[in-house]
Amino acid sequence: MQYMLLIYGNEEGMKTATPGDREAMFKAYGDFTASIVKSGNMKAGDALQPTASATTVRVRDGKTLTTDGPFAETKEQLGGYYLVEAKDLDEATKLAARIPGARVGSIEVRPVMPMPADYPRPKA
Amino acid sequence: MDSGIETVERVFREERGRILATLIRLVGDIDVAEESLASALEAALVQWPAEGTPDNPRAWLIRAARNKAVDRLRRGALFEEKRTALEMEAALAMASAPDATPAHEEPVDDRLRLIFTCCHPSLAIEAQVALTLRTLGGLETEEIARAFLVPAATMAQRLVRAKAKIRQAGIPYRVPDSDELPARLDAVLAVIYLVFNEGYAASSGSSPVRREICEEAIRLGRLLVELMPAAEARALLALMLLSDARRDARVGAGADGEVILLEDQDRSRWDRAAIREGLALIDGTLRAAFPGPYALQAAIAGVHAQSERADQTDWVQIVGLYTLLAELYPSPVVSLNHAVAIAMATGPAEGLRRIDALAASGVLADYHLLSAARADLLRRLGRFTEAAAAYRQALALASNQSDRRFLQRRLIEVGGAIPAN
């Protein structure tokens, strides 16, 4: 099964981090990513720019409305994700627990909905 | 010799949990397993009386249900069902015998896998309880709804959502690896104990004990001990047996009898067989370096069980056990019981000092037993006006009718008027 591991954390906290903290975090993510590439679990993964760079788009009555900022103001913000292959939820939650952000923020584990084989997909 | 129909009913009653657990492993889906088992049962009710009972009724039911599942899945119209059907047919083809286990795995009772799936921490606790009772306890949805005082439709919805989450989120059907086993076993024990407490200290309603729920929890506890005789599983079963042993002495006569405190119970009405069984289960467990929470609570219940009369209770030993419990597994309720035990061992004043400190922290502000315990110590100290105020406070918080009757009687005894609601 495929699972999306959504990494939520407090952006304000990251802003006040020292260069040493950031370097350590960057290295920890690098090590984790390398390990799940090696184990074959990793499908995709990225970090996102802070929510200050976010734009929210809605279409209502045929009109596109764009607003500054994230969809919802919350204490923790979506900061990145991994898409992983895991045999079941237990393996997925074990991977989630190893994400460095899990120690300061939260990881939401969401199963990816299976789609028909003929559903449009980009070429790999 | 019983007739074919009686045999079907007996096999179904005794073996339903095992059959269902095996089917869930084979077909990989609780709903499909439940439905195909129901169809297999219908077939058995027709065939067994006509053609004779098969040599191995359980294997017959599993085989029949498995065939029904394959039929159902072949008919499945949804893409997801079709895809699963192909995988499942491959799995079913491999499973030649109902009890077949892949060669690389230790043989495991399917019911143990099912317990761990039902009590998976990614399900809400209410869902864990409902699923466990429905699949392993074999209670009907309406019975579970009655036990937890929710409408049947709500309970049905809860079960549907839980089964959907198991399917969609990929909650596995297996006994957890050894590194996660302790935490996962704790979750299973918590579910069983929650069921027991729902029956033992019914949070509302007119009867203080709902015996059939306690019996169901004890049955699940026995099953777990049979499948996995871990120390804490044994201790939980002991705790339930030792508590349940007091059931006949714990409630006054009549359909709406009031709850009788431990010290006032007629101990000749305690169930001696349950006490013996409970004590044997925890024999030696306290010698462990860090006894578990259920072992300590069972040991406390064991001290009470071994006291012929209330005034012979070894309160010093009970205080010692609560001290250990509060140190290793602190909680406000443990602190409250600790304070009550200290009051019994060394006098009400010290107990009251601790309860007042606990009350001041505000953590148990809504817990009627805190006010009730405080009221009782004030009464023992002869401070009746304060005791009456505390009984009134407890009455305002208590929802169970027999608790309320008890508190009202005590309130009158200390000279207070019953509030007019």
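So you know, we letter chains A, B, ... as the sequences are listed, proteins then strands, and number each from 1.
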- Which of residues 88-100 of chain A have a heavy atom under 4.5 Å from any heavy atom of chain B?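 Within residues 88-100 of chain A, the residues that come under 4.5 Å of chain B (heavy atoms only) are A:Asp88, A:Leu89, A:Asp90, A:Lys94.
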- Query: If contact means a heavy atom pair closer than 4.5 Å, which residues of residues 20-52 of chain A contact chain B?
  - Reply: none
Tabulate below the donor-acceptor pairs under 3.5 Å that side-chain atoms of residues 103-120 of chain A make, not counting sequence neighbours, or state none.
unit_1	atom_1	unit_2	atom_2	d
A:Ser106	OG	A:Glu76	OE1	2.6
A:Glu108	OE2	A:Arg110	NH1	2.8

- Message: Distance check, rounded to the nearest 0.5 Å: B:Gln168 atom CD versus A:Met1 atom CE?
- Response: 8.5 Å
- Message: Which residues pass the side-chain contact (heavy atoms from CB on, under 4.5 Å) test with B:Ala33, not counting sequence neighbours?
- Response: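 Checked B:Ala33 against side-chain contact (heavy atoms from CB on, under 4.5 Å); matches are B:Leu20, B:Leu23, B:Ile24, B:Val27.
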